[in-house]
Amino acid sequence: MTDYDREVAGADRLVLGELLEGAVNNLWLGIILFDRERKVIFCNPRYREMYALSSEQVRSGTPVKGLIEHRLKLGLKIRGEAGAYVRARTEGDVVSEQTVQEFADGKIIAYTIHPLAGGGGMATHEDITEREELSARLQQRNLQFDTAINNMSHGLCFFSADHRLQVCNRHFIDMYGLTADRVRPGTPLSEILDMRVEAGSVPAMSREAYLKWRTDVAILAEPTDSILEMQNGRTFKIRHRPMPDLGWVATHEDITEQRQAELRIAHMAHHDSLTDLANRTLLGERLKLAFEQRGRFAVHHVDLDKFKAVNDTLGHHAGDMLLKDVGRRLRELARDSDTIARMGGDEFVVLQTPISNSAEAATLARRIVEQLTVPFGLGEHQAVVGASIGIALAPKDGSTPEQLLHNADLALYRAKSDGRGVRRFFEPSMDEEVQSRRALERDLRNGLTAGEFELHYQPIVKVDGREISGFEALIRWRHPQRGLVTPNAFIPLAEEIGLIVPIGEWVVRQACATASRWPNHLHVAVNISAAQFRHPGLTEIIVGALAASSLDPRRLEIEITESVLLQDRDGTLATLHQLRALGIRIAMDDFGTGYSSLTYLQCFPFDKIKIDRSFVSGVGNDAGSLSIVRAVVALARGMGMTATAEGVETDEQRDRIAAEGCTEMQGYLFSRPVPACEIERRFLWPEGRTGRDRIAAA
């Protein structure tokens, strides 16, 4: 070769080297060459860019170890200890390796090592972050698509224009009883139909007729909805929708349960869920029909008498069992033409239609009362409830379903008021009574806010010296039209409608405020009902009244009857002990009228026993009453309690009570209950009179 040739060849190699270097420097790959001693020979700019390296950091001769440690600092994720990772890649022979490096910032780099002859190697580094993210997104979309179609509530299938399956979901396969490995993309519609014939999931027609029908729908190229009854008893709704390429997509919905559910819903809309008896809606329809037929019929409103006790003692499960059994017994008593409905809770209505006369209604009501009095077996327990019934007859007791039900309800209210376990027919006067009661209830609610209540006070007299020891506060209602209303006329109603708590709070506050004006040796007694004791804030109410009036707690006396202790005895006793700890005196009122008074004297140390007026009234002519008074006085003396006789009206009663050693008395002999101003004028501050004179003058 001549010198010229050598010069040309050298120039070519130079040009080629420049071209190669330019190509390498512009690759999307990062490239690095290193020798057998794991030192850098060359790296391109892309490599430095990928790892944020300067030319100085990757100059020729730089140990590869430092570059690997640099990548670790950048957040390269590895398994195991860092030193072991570095040694594994810088010691021993260079071997081929392909791996993917992940960094903490989310970057992903494909890393490949190629050994070179004579030792050393070349490594390529490709940033595949975007590609991997795209791949992940595509995989996610495919997964979402598969998940979506396989979690559809409907079967789904795509067919091409040549009637071959493209895609179907799992629900399509399952609802037609197909074999999954035989249902693949490309399967002809005719083969799928053959599989359905084998499974019995085709309509009651021949294979050929069904295939023709399905083909006609497909080539029609119009949206079509069809409902088909299958031979296996299922009902399917098929929605066929054509596609632009003459293929089609169809959804297949199993509506068997839907149709059954529609029937169940229609039943539930007209029946009670617990007893499966008719509900208010169905009863209303039957009542309307009965009126349209213009016959005679009866409505029996049945209410269980002791159902709440079953729920409270045995639990709601037992209560539900009882209600179901009540429904069963009522069905056995009723005729096919009658309707039995549960109105909610423990109330039932029997529509007895037709009837010839009221005697038929009376006979059915009597049988219902008798049957519902028979004990109910509730698992390991037994319960006896009974029932009260109100009866309204059509057409004489009402011309509409609403009016007839209302009047039956009024009759039921009378039955329950008459002692329960009885039956009553509607009478027009019942409506007047209810309207009067509602008016009284309305006035009672308004009376508290209008300030219509007032307290009257009756003296409590010491027997030995006939001195006044205190006064009992008794509420009165000065009604704008009715005049002065006594407690017996409104207190039971106040307890029933929940108004007794605010009324009771007013009484305590008013009594304490009034007594705070009296001489310090006089106390005031206030009656507290069982309903007030069930209110959790009773202690706070009493403490607040004492604080507001600055009355010494020792001058306040709380009177209770044993009915207070019949419910939640432990909670009531705890409240009594709290009040007693404040210095408040506790008295048992109407002693001797209950069946367990002695038991309660043992469980709580009362300060006073008040002998009921029913015993006091008979001490003059009834040896039994006198013996009871004598025994109660002896009992009180033995237990360190005060004995107070109520209802003393004659001198004879006074003398006999005094002779038995009773401590205190009160009654009309000394004074009727009178307003506070009258008490103060007559007994507390009349000029020139002593305490003895005050009582004598009264």
Side-chain angles (χ1 to χ4, degrees), residues 134-271 281 285:
L134 177 60
S135 175
R137 287 196 295 270
L138 291 174
Q139 290 179 2
Q140 181 65 21
R141 288 179 182 176
N142 289 336
L143 177 62
Q144 290 172 345
F145 176 74
D146 290 341
T147 301
I149 67 169
N150 284 310
N151 284 279
M152 290 177 61
S153 60
H154 301 168
L156 177 72
C157 60
F158 290 84
F159 279 87
S160 60
D162 59 357
H163 298 189
R164 290 181 177 274
L165 180 68
Q166 301 298 301
V167 175
C168 74
N169 64 358
R170 182 72 198 184
H171 196 54
F172 175 82
I173 294 172
D174 292 341
M175 67 189 296
Y176 285 110
L178 307 179
T179 304
D181 56 4
R182 294 175 62 188
V183 182
R184 300 177 179 277
T187 303
L189 174 63
S190 58
E191 290 187 20
I192 292 177
L193 178 58
D194 289 337
M195 286 185 267
R196 287 180 53 186
V197 170
E198 294 175 13
S201 54
V202 290
M205 63 177 72
S206 67
R207 175 191 180 282
E208 291 71 22
Y210 182 67
L211 180 61
K212 181 180 183 305
W213 173 82
R214 194 69 192 85
T215 303
D216 290 345
V217 170
I219 63 178
L220 186 61
E222 291 183 0
T224 306
D225 290 351
S226 308
I227 295 179
L228 302 175
E229 301 285 343
M230 300 295 159
Q231 292 178 356
N232 59 8
R234 310 301 291 179
T235 303
F236 294 157
K237 183 174 184 178
I238 303 173
R239 292 184 175 89
H240 173 93
R241 297 295 182 266
M243 300 177 68
D245 62 357
L246 300 183
W248 74 86
V249 59
T251 59
H252 299 247
E253 181 184 2
D254 187 339
I255 62 172
T256 309
E257 282 75 18
Q258 177 182 328
R259 287 200 166 183
Q260 294 174 351
E262 289 171 353
L263 294 175
R264 288 196 298 271
I265 290 171
H267 182 83
M268 291 169 60
H270 292 85
H271 292 80
T281 302
E285 294 176 1

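Note that the coordinates shown come from a computational prediction; the quantities given were computed from them, not determined experimentally.
In this structure, L189 and R214 have side chains that are in contact, with non-hydrogen atoms separated by less than 4.5 Å. At least one side-chain heavy atom of V202 sits under 4.5 Å from a side-chain heavy atom of Q231. Between H252 and F236 the shortest side-chain heavy-atom distance does not fall below 4.5 Å. Looking at L178 and E198, their side chains never come closer than 4.5 Å, going by heavy atoms from C-beta outward. Side-chain contact between M230 and P203 is present, with heavy atoms from C-beta onward closer than 4.5 Å. E285 places a side-chain heavy atom less than 4.5 Å from the side chain of H270. Residues V183 and R170 have side chains not in contact (no heavy-atom distance under 4.5 Å, counting atoms from C-beta outward).
Going from atom CD1 of I238 over to atom CD of E253 covers 11.0 Å, rounded to the nearest 0.5 Å. With rounding to the nearest 0.5 Å, the separation of SG in C157 from NE2 in H171 is 12.0 Å. T215 contributes atom OG1, which lies 11.5 Å from atom CD of E208 (distance to the nearest 0.5 angstrom).
Judged by distance alone, the side chain of R196 and the main-chain N or O of S201 form a donor-acceptor pair under 3.5 Å. With hydrogens and angles disregarded, no donor-acceptor distance shorter than 3.5 Å links the side chain of Q166 to the backbone of F159. With S160 contributing its side chain and G247 its backbone, the two residues share no donor-acceptor pair below 3.5 Å.
T256 and D254 get closest at one heavy-atom pair: OG1-OD1, 2.7 Å. Across Y176 and A199, no two heavy atoms sit closer than the pair O-CB, 3.5 Å. Closest of all the heavy-atom pairs between G186 and R164 is O-NH1, 2.7 Å.
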Verdict with reasoning, L228 to Y210, per side-chain contact (heavy atoms from CB on, under 4.5 Å): CA-CA 11 Å; L228 302 175; Y210 182 67; 4.0 Å; yes
N169 and M175: CA distance, side-chain angles, deciding distance, side-chain contact (heavy atoms from CB on, under 4.5 Å) verdict: CA-CA 10 Å; N169 64 358; M175 67 189 296; over 6 Å; no
From CA spacing to verdict: side-chain contact (heavy atoms from CB on, under 4.5 Å), D194, R207: CA-CA 8 Å; D194 289 337; R207 175 191 180 282; 2.3 Å; yes
Criterion side-chain contact (heavy atoms from CB on, under 4.5 Å) on R234 and E257, from CA distance to verdict: CA-CA 9 Å; R234 310 301 291 179; E257 282 75 18; 2.5 Å; yes
Verdict with reasoning, E191 to R182, per salt bridge (charged side-chain N to carboxylate O under 4.0 Å, His left out): CA-CA 9 Å; E191 290 187 20; R182 294 175 62 188; over 6 Å; no
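Among T187, I173, L156, I192, the one residue that satisfies the side chain to side chain contact (heavy atoms under 4.5 Å, CB included) test with C168 is I173.
Other residues, nucleotides and ligands place more than 12 heavy atoms under 6.0 Å from the CE atom of M243.
Not a single ring-ring contact (aromatic ring centres under 6.0 Å, His included) links H154 to another residue, sequence neighbours left out.
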